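Have a look at the structure below before the remarks.
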Amino acid sequence: MEMDEAITTAEGDGNYDPAFNTMPPGEEGFGLSHEGGEHEVFEDFAQTLADITGVRRRVDDRDRRRRVDIRNSDWERQFEELADAYLEFRMNTDEESRFYPPVEVIDEAEGPPRHIEIEAVDLFYRKRRLFPSKINEVFPNVTLMRCGFIGSAPIQPSVAISLRTLSVYRQTHRVCPRLSIQAEVRKLCHLHNVPYRRYLVDQFSIAFDVYLEVLRRIDKRVNAALGRNSPDWRLLNNCPACFYKLKDEIPLKPAFLCQMDGNNSLKRTHATLRGNQERVDDRRLDSDYWLSPGDVDKFKDEVKTRGKRKGREDDDADADDWEDDEAESDPVATCVERWRNAGPEERKRMFSLFDECGVFLVACRHGMILLICDMIRSGELAKYPLAMVDKLMSVYGEDVGVGYDIGCALERTIEKSSLGQRAKDLRLRLVVGAFHGHAHNRGCQLNWHPLYVDGIGRSDLEGCERTFALSNALAPGTRHASKFHRSQAIVEHFSFADEDKWALLCGWMTHSVDFCLTCLLTSSIHVESLSRRSPRNECLAGPIEGIAREAEY
């Protein structure tokens with residue numbers, strides 16, 4: 001510095017201050033030579049000094065997994081109290097006082113009033129606020145929740161995010177599944193003129209997980225109060241059009257129609273593919289949508305595959321395991337081979353790159369989601385539809401109709417599995433979807449196409465394709481998520497989709513009732529007109545005209 005300023009004698013310069021050229025105490029450092037070894041000498045000196053004085057540097061031996069487990073266990077102790085505080089917050093009907101609660105007056109005999117001062121983040125402001133705390137509130141997040149906020153840490157939060165902000169993101173993500181938490185945090189940073197930092201995403205994500213868990217706890221309380229907490233209650237009541245039966249109603253055959261299919265969009269990449277170590281999170285989402293991997297793996301050895309198929313190598317033999325030991329002239333064998341060849345080669349070799357390669361789901365004919373399971377490091381193996389069929393027969397019993405892309409092959413597979421006799425006794429009916437039926441040969445279509453199966457009606461059994469068209473937008477947010485966050489995002493998406501279908505179904509049923517009443521009224525007029533006409537040709541004219549008018553309506 002002296003050379004740059006052309007200072008020859010520091011003492012002769014009145015503006016010179018030696019303090020500017022001196023490091024603060026403890027930060028002087030030491031010079032390093034090209035030979036090296038100074039750092040080891042310094043470490044030995046520090047160890048000798050620590051042995052003499054007894055003062056040692058604190059070593060944090062916790063790894064990331066242990067930190068996550070401790071954080072989750074600390075949150076778990078608070079969830080029931082947080083649910084009570086959330087209900088207390090929602091009971092306040094005044095929207096303004098929800099987020100600006102008055103300071104409570106506490107009796108001096110009980111002690112001085114307690115407050116929690118913390119930085120509060122809302123859609124419209126970011127500032128430090130005081131939150132009044134009750135005497136019996138042990139956890140600070142209970143105080144924050146009662147005032148409409150959630151902290152970013154279970155014990156000593158430094159930031160509290162408002163429930164309004166979390167609710168807005170949840171509903172926005174409902175209609176725009178592509179919106180990630182990172183995008184939401186960047187938006188808040190722009191609103192509040194704060195530089196974006198990566199740790200802000202972690203804070204928002206922790207608060208959002210707690211918010212969703214509190215909502216799930218409250219839903220469980222409501223379902224228990226209404227008597228809807230039996231194991232299969234949602235499966236038996238999810239779709240009113242499918243499962244609500246009238247008194248003395250004529251039974252249908254099939255009594256219930258559903259559809260199932262797999263999708264590869266909702267994959268989750270392996271951590272090694274991203275070049276880092278996965279953050280282990282042992283949380284499990286308690287949801288009746290998911291079929292556990294244990295329930296699926298019960299059927300992994302049901303189908304005996306040939307080690308080498310025509311035109312396929314040994315290392316591809318586990319790409320699918322459908323029963324195909326049939327004659328070359330059998331129509332089902334032709335359909336299976338076409339279904340295999342329809343997939344691109346890149347997709348067949350991708351399984352080692354992902355922990356979960358997609359989802360396999362079952363939906364009713366109206367699109368209500370019934371069951372979901374993960375396709376773990378594999379393609380669309382036969383064990384996934386077998387596990388789904390086993391659950392469907394256990395819950396719904398007789399006369400279940402199932403639509404599947406290769407329902408013809410699945411029926412043969414079920415016959416040779418442990419489910420064969422039970423499926424025969426319960427009259428399980430497999431059908432090929434109308435869209436995929438065009439790729440099957442004529443011999444297969446005559447047996448499994450919806451056009452030739454009694455009781456299918458106008459259902460195309462291709463609703464899974466429409467469901468996946470909406471869930472594909474969720475894929476960017478789940479590709480690099482943890483296992484828990486991926487499962488949580490998928491359940492949130494499909495539960496919202498079911499609520500939307502409920503609203504649409506109500507309108508459709510109302511329109512159908514109006515149409516039936518109109519038809520009954522019109523038919524009575526036709527019957528009366530028929531009774532007045534004697535010539536046969538005039539009697540036939542009335543119904544034909546009525547049918548034409550009804551079709552036009």
Side-chain angles (χ1 to χ4, degrees), residues 252-264 302-306 308-312 316-317 319-345 347-348 360-365 367 379-386 388-389 392-393 399-417 419-420 423-424 426-469:
L252 300 176
K253 291 186 179 181
F256 161 62
L257 288 175
C258 64
Q259 51 213 341
M260 59 184 179
D261 198 4
N263 179 260
N264 297 112
E302 291 287 327
V303 181
K304 297 180 180 179
T305 59
R306 287 178 290 178
K308 200 169 186 177
R309 300 188 178 100
K310 181 180 178 180
R312 298 174 62 86
D316 290 337
D320 57 79
D321 56 352
W322 294 94
E323 187 67 56
D324 62 347
D325 293 330
E326 304 291 342
E328 292 288 340
S329 60
D330 186 72
V332 175
T334 306
C335 297
V336 172
E337 192 62 29
R338 289 179 180 177
W339 180 76
R340 290 191 184 119
N341 295 333
E345 293 299 323
R347 190 179 67 186
K348 298 174 186 177
F360 192 95
L361 60 81
V362 179
C364 74
R365 61 183 291 260
E380 208 165 311
L381 300 180
K383 66 179 181 179
Y384 302 117
L386 285 176
M388 295 295 185
V389 168
L392 292 175
M393 291 191 299
D399 297 319
V400 176
V402 182
Y404 187 46
D405 298 352
I406 50 173
C408 50
L410 180 59
E411 184 169 312
R412 297 285 181 84
T413 303
I414 292 176
E415 290 176 358
K416 298 181 179 181
S417 69
L419 302 177
K424 183 178 179 180
L426 296 177
R427 298 184 295 276
L428 179 71
R429 187 63 168 96
L430 272 298
V431 187
V432 176
F435 173 75
H436 290 85
H438 291 285
H440 293 243
N441 57 63
R442 180 168 177 79
C444 175
Q445 292 178 358
L446 293 176
N447 292 311
W448 288 282
H449 196 280
L451 186 64
Y452 306 107
V453 179
D454 294 336
I456 301 300
R458 296 190 299 174
S459 300
D460 59 0
L461 300 180
E462 296 287 359
C464 291
E465 308 301 331
R466 294 184 283 271
T467 300
F468 293 142

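Predicted, not measured: the structure shown is a model, and the values here were computed from it.
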**Request:** Heavy atoms only: give me the nearest S459-L257 pair and the separation to one decimal.
**Result:** OG-CD1, 4.1 Å
**Message:** I want to check something: taking the side chain as every heavy atom from C-beta on, are I414 and L410 in contact at a cut-off of under 4.5 Å?
**Reply:** yes
**Item:** E462 backbone acceptor or donor facing Q259 side chain under 3.5 Å
**Value:** yes
**Asked** Within a strict 4.5 Å, meaning less than it, do heavy atoms of the L361 and C464 side chains meet?
**Response** yes
**Item:** Ionic contact status for R427 with D399, cut-off 4.0 Å
**Value:** yes
**Message:** Tell me if a side-chain donor or acceptor on E380 pairs with a main-chain N or O of F360 at a distance below 3.5 Å.
**Reply:** no
**Message:** Would the distance check show the side chain of H440 and the main-chain N or O of D405 forming a donor-acceptor pair, the cut-off being under 3.5 Å?
**Reply:** yes
**Item:** Atom pair CG/CG of L430 and N447 - distance to nearest 0.5 Å
**Value:** 12.0 Å
**Asked** What closest approach, in Å, do F468 and G262 show between heavy atoms, and which atom pair accounts for it?
**Response** CE1-O, 3.7 Å
**Request:** Have a look at V362 and tell me which of V389, L392, D261 forms a side chain to side chain contact (heavy atoms under 4.5 Å, CB included) with it.
**Result:** L392
**Request:** With the side chain counted from C-beta on, respond yes when E465 and D460 share a heavy-atom pair under 4.5 Å apart, and no when they do not.
**Result:** no
**Request:** Taking all non-hydrogen atoms of both residues into account, name the closest pair between G437 and H449 and its distance.
**Result:** CA-CD2, 3.8 Å
**Asked** Taking C-beta and beyond as the side chain, do V400 and L426 meet within less than 4.5 Å on heavy atoms?
**Response** no
